[in-house]
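Everything on this sheet refers to the single structure shown next.
Remember, predicted model here, so these are calculated numbers, not experimental data. Sequence positions, counted from 1, serve as the residue numbers for this chain. For the numbers below, each heavy atom of this structure counts, side chains included, while hydrogens, waters and symmetry mates do not.
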Amino acid sequence: MGLLSKMTKFGYVRKDYPDETLSQVKNIMEYGCDELFIENSDLTLDKELFILMNRLSQGDTLVVSSLLVFGKSSSEFHDIISSIIQKKAELISIKEKINTKQTYSFQTVLKLLDMVNKEVTSKKIKQQLMRLRENGKQLGRPTVDQGTIDMIKFLRKNKQLNLRQIAEKCDVSIGTVHKYVS
């Protein structure tokens with residue numbers, strides 16, 4: 001880093017995750033960011049983060065509203081933090097009150113990693129389910145038509161068949177048979 005180079009404060013926001021975009025921008029700008037990178041809401045896309053990480057250099061600061069904006073698993077998150085530290089830059093996370101220039105207990109770090117991992121995993125699953133629905137995939141248990149329900153009840157009442165036999169005859173699971181005969 002040359003004597004004349006300017007230390008830059010970068011802000012990084014993910015659209016509407018974990019908070020509304022405008023709220024994140026307002027919080028980050030209170031830290032006097034020089035440049036702002038706004039990422040797509042899809043947690044699998046990291047174009048802006050890639051550009052930002054390539055621009056980040058010694059003495060720079062990266063400000064985020066929450067560690068959740070990275071949308072990464074524990075190991076991927078570790079890689080990001082390691083890169084920031086290796087570049088001798090600083091990370092500030094407003095919500096978690098984290099500043100990499102400070103030292104934290106091992107337990108605090110583990111709790112944060114666990115929280116981030118749970119939240120990110122949940123969001124990724126929700127996004128994937130939404131994509132599947134948009135592509136016409138029907139999720140959950142298949143619906144059982146009324147004729148099959150009537151047949152299940154009839155066979156149980158009049159034929160005295162066990163649940164497994166009824167399931168085989170009606171081409172449904174034992175759980176489905178149990179649901180309608182109980």
Side-chain angles (χ1 to χ4, degrees), residues 1-140:
M1 180 171 139
L3 293 174
L4 298 176
S5 64
K6 179 182 183 281
M7 292 182 279
T8 307
K9 280 193 179 179
F10 296 102
Y12 179 70
V13 171
R14 187 170 296 273
K15 286 184 184 173
D16 297 322
Y17 182 73
D19 301 310
E20 291 181 1
T21 306
L22 186 58
S23 173
Q24 290 182 67
V25 170
K26 283 180 182 178
N27 289 337
I28 287 171
M29 294 314 284
E30 288 178 11
Y31 283 76
C33 291
D34 302 303
E35 293 186 45
L36 183 63
F37 291 80
I38 300 178
E39 192 75 72
N40 188 302
S41 62
D42 186 338
L43 295 181
T44 61
L45 302 176
D46 296 324
K47 177 183 166 200
E48 297 297 318
L49 180 60
F50 181 78
I51 294 168
L52 169 58
M53 293 304 290
N54 283 324
R55 300 244 342 257
L56 198 65
S57 61
Q58 184 175 346
D60 290 344
T61 303
L62 170 56
V63 181
V64 296
S65 65
S66 169
L67 297 175
L68 295 174
V69 299
F70 294 113
K72 300 293 173 201
S73 67
S74 297
S75 62
E76 293 169 317
F77 182 67
H78 175 268
D79 293 343
I80 292 170
I81 298 300
S82 294
S83 178
I84 292 168
I85 292 169
Q86 182 180 7
K87 292 177 182 219
K88 296 183 179 165
E90 176 183 6
L91 170 67
I92 296 174
S93 177
I94 299 167
K95 182 177 181 183
E96 292 85 7
K97 296 178 176 70
I98 294 285
N99 181 329
T100 54
K101 297 234 179 207
Q102 299 174 356
T103 313
Y104 298 94
S105 73
F106 183 67
Q107 185 177 10
T108 301
V109 172
L110 286 179
K111 283 181 183 178
L112 281 170
L113 284 175
D114 185 50
M115 181 272 306
V116 167
N117 200 38
K118 284 178 184 175
E119 289 281 332
V120 167
T121 300
S122 173
K123 181 69 173 178
K124 283 183 176 179
I125 289 170
K126 289 175 184 173
Q127 285 182 343
Q128 185 61 31
L129 290 173
M130 189 170 62
R131 269 190 227 101
L132 289 170
R133 282 189 201 103
E134 287 170 356
N135 292 331
K137 178 81 174 162
Q138 185 173 355
L139 304 173

If we ignore hydrogens and angles and just use 3.5 Å, is the side chain of E39 paired with the main-chain N or O of K47 as donor and acceptor? yes
Quick one, S74 with V116, criterion side-chain contact (heavy atoms from CB on, under 4.5 Å). Give me CA distance, side-chain angles, the key distance, then yes/no. CA-CA 8 Å; S74 297; V116 167; over 6 Å; no
Assess the residue pair R14 and D46 against the criterion (salt bridge (Lys or Arg N to Asp or Glu O under 4.0 Å)); give the C-alpha distance rounded to whole Å, side-chain angles, the decisive distance to 0.1 Å, and a yes or no. CA-CA 9 Å; R14 187 170 296 273; D46 296 324; 3.1 Å; yes
Atom pair NZ/CG of K88 and L56 - distance to nearest 0.5 Å: 13.5 Å
Side-chain contact, heavy-atom cut-off 4.5 Å: R133 with L139? yes
Heavy-atom distance under 4.5 Å between the side chains of T100 and L62, does that happen here? no
Does K137 offer a backbone N or O that forms a donor-acceptor pair with the side chain of N135 under 3.5 Å? no
Donor-acceptor contact below 3.5 Å, side chain E119 vs main chain L68: no
Let's go through K124 and E76 carefully: what are the C-alpha distance in whole Å and the side-chain angles of both, what is the deciding distance for salt bridge (Lys or Arg N to Asp or Glu O under 4.0 Å) to 0.1 Å, and is it a yes or a no? CA-CA 14 Å; K124 283 183 176 179; E76 293 169 317; 3.8 Å; yes
To the nearest 0.5 Å, what is the distance between NZ on K26 and CG on D19? 12.5 Å
Between atom CD1 of I28 and atom OG of S23, what is the distance when rounded to the nearest 0.5 Å? 9.5 Å
With the threshold set at 4.0 Å, does a side-chain nitrogen-carboxylate oxygen contact exist between D34 and K6? yes
Going through the distances and angles, do Y17 and V120 end up as a side-chain contact (heavy atoms from CB on, under 4.5 Å)? CA-CA 10 Å; Y17 182 73; V120 167; 4.2 Å; yes
Could you pull out the closest heavy-atom pair between E96 and L67, with the gap in Å? OE1-N, 3.1 Å
Is there a donor-acceptor pair under 3.5 Å between the side chain of T121 and the backbone N or O of N117? yes
Could you tell me whether the side chain of E35 and the main chain of T8 form a donor-acceptor pair under 3.5 Å? no
CG/L112 to CE/M115 distance, rounded to the nearest 0.5 angstrom? 5.5 Å
Could you tell me which non-hydrogen atom of S57 sits nearest to which non-hydrogen atom of A89, and how far apart they are? O-CB, 3.8 Å
Taking all non-hydrogen atoms of both residues into account, name the closest pair between Q127 and L43 and its distance. OE1-N, 2.9 Å
Side chains of P18 and Q24 in contact at under 4.5 Å (non-hydrogen atoms): yes
By side chain to side chain donor-acceptor pair (under 3.5 Å), which residues pair with Q128, not counting sequence neighbours? R131
Heavy-atom check, side chain of K87 versus side chain of S83, under 4.5 Å: yes
dist D60:CG -> F10:CZ (nearest 0.5 Å) comes out at 4.5 Å
Go through the steps for L49 and V69 under the test side-chain contact (heavy atoms from CB on, under 4.5 Å), then give the verdict. CA-CA 10 Å; L49 180 60; V69 299; over 6 Å; no
Please confirm whether the backbone N or O of T21 pairs with a side-chain atom of D16, one donor and one acceptor, at under 3.5 Å? yes
Between I38 and E48, is the side-chain contact (heavy atoms from CB on, under 4.5 Å) condition met? List the steps. CA-CA 7 Å; I38 300 178; E48 297 297 318; 5.9 Å; no
State which residues pass ring pair (Phe, Tyr, Trp, His ring centres under 6.0 Å) with Y12; sequence neighbours excluded, sorted by chain then number. F70
Output for pair (Y31 OH, I94 CD1), nearest 0.5 Å, gives 4.5 Å
